[in-house]
Amino acid sequence: QVQLVESGGGLVQAVGSLRLSCAASVRTFSTYAMGWFRQAPGNEREFVAVISSSGGITDYPDSVKGRFTISRDNAKNTVYLQMNSLKPEDTAVYYCAARYGGIAVRRSIGYDYWGQGTQVTVSS
């Protein structure tokens, strides 16, 4: 069983920045691909960023590419999401997810474990 705990959400003005963190309670963190997803009210959960188990491969949708950066520190069992140039449409609950195996995938159904989510609100 993997427990994931997100932190770092909050209220920020447009064009501001936030860094989300996700701490994983598992000894073999380096064997899990990780992802960040978000869900706004009335919307489906969408992929924001994913990273392979080694950290060597990352992927983003066009909506956040160039503004968001996912990274991981396998020694600290933590994955991060640096969000810059935030827009009001980035407002959502952000979830961290873990997928056993090295390959990061975009589809949320591919992830085995989820955190409780952290709210990000971007004001205009």
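Owing to the predicted nature of the structure, the values given are computational and were not obtained by experimental measurement.
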- For Gly16, does its backbone N or O pair with a side-chain atom of Asn84 as donor and acceptor, under 3.5 Å? no
Please determine whether side-chain contact (heavy atoms from CB on, under 4.5 Å) holds for the pair Gln116 and Glu6, giving the CA-CA distance in whole Å, both sets of side-chain angles, and the decisive distance to 0.1 Å. CA-CA 7 Å; Gln116 80 289 350; Glu6 302 99 334; 2.9 Å; yes
Tracing side-chain contacts under 4.5 Å among Ile, Leu, Val, Met, Phe, Trp and Tyr outward from Tyr80 reaches none
The complete set of disulfide (SG to SG under 2.5 Å) pairs with one or both residues in residues 20-124, sequence neighbours excluded, reads Cys22-Cys96
Practice problem: Return yes when atom NZ of Lys65 has more than 12 non-hydrogen atoms of other residues, nucleotides or ligands closer than 6.0 Å, and no otherwise. | Solution: yes
Is any side-chain heavy atom of Val48 closer than 4.5 Å to a side-chain heavy atom of Tyr60? no
Tightest non-hydrogen contact, residues Ser124 and Ala14, listed as CA-CB, 4.3 Å
Taken to the nearest 0.5 Å, the spacing of Ser108 OG from Arg99 CZ works out to 12.0 Å
For Ser30, the side chain to side chain contact (heavy atoms under 4.5 Å, CB included) test, sequence neighbours excluded, returns Asn74
By side chain to side chain donor-acceptor pair (under 3.5 Å), Thr121 pairs with (sequence neighbours left out) Gln119
By side chain to side chain donor-acceptor pair (under 3.5 Å), Ser25 pairs with (sequence neighbours left out) none
Are Gln1 and Tyr113 side-chain neighbours, meaning at least one heavy-atom pair lies under 4.5 Å? yes
Using a 4.5 Å side-chain heavy-atom cut-off and chaining through intermediate ILVMFWY residues, the residues clustered with Val50 come out as Phe37, Phe47, Val93, Tyr95, Ile103, Val105, Tyr111, Trp114
The side chain to side chain contact (heavy atoms under 4.5 Å, CB included) partners of Val12 (sequence neighbours excluded) come to Leu18, Leu86, Val122
Point to revise | Audit row: Gln82, Ser17, side-chain contact (heavy atoms from CB on, under 4.5 Å) steps and yes/no | key: CA-CA 8 Å; Gln82 178 66 45; Ser17 298; 4.0 Å; yes
To the nearest 0.5 Å, atom CG of Leu81 lies from atom CH2 of Trp36 at 6.0 Å
**OP:** With side-chain contact (heavy atoms from CB on, under 4.5 Å) as the test, would you mind laying out the steps for Val79 and Leu4 before giving the verdict?
**Re:** CA-CA 10 Å; Val79 62; Leu4 304 172; over 6 Å; no
Item to check | Non-hydrogen side-chain atoms of Met83 and Leu20 separated by less than 4.5 Å | outcome: yes
Lys87 meets the salt bridge (Lys or Arg N to Asp or Glu O under 4.0 Å) criterion, sequence neighbours left out, with none
Asp90 meets the side chain to side chain donor-acceptor pair (under 3.5 Å) criterion, sequence neighbours left out, with Arg38, Arg67
*Any sub-3.5 Å donor-acceptor pair from Arg72's side-chain atoms to Ser52's backbone N or O?*
yes
Tyr100 reachable from Ile51 in the ILVMFWY side-chain graph, under 4.5 Å edges: yes
Residues at least two apart in sequence or cross-chain that pass side chain to side chain contact (heavy atoms under 4.5 Å, CB included) with Thr28, listed by chain then number, are Val26, Thr31, Tyr32
With a 4.5 Å limit on heavy-atom distance, are the side chains of Pro61 and Glu46 in contact?
no
- [ ] For Asp73 and Thr78, test the side chains for any donor-to-acceptor distance below 3.5 angstrom and give the result as yes or no.
- [x] no
What one should report as the nearest heavy-atom pair of Ala33 and Gly102 is CB-O, 3.8 Å
Taken in chain and number order and not counting sequence neighbours, the residues that satisfy side chain to side chain contact (heavy atoms under 4.5 Å, CB included) with Ser123 are Leu11, Gln13
Across all chains, not counting sequence neighbours, the side chain to side chain donor-acceptor pair (under 3.5 Å) partners of Arg106 are Asp59
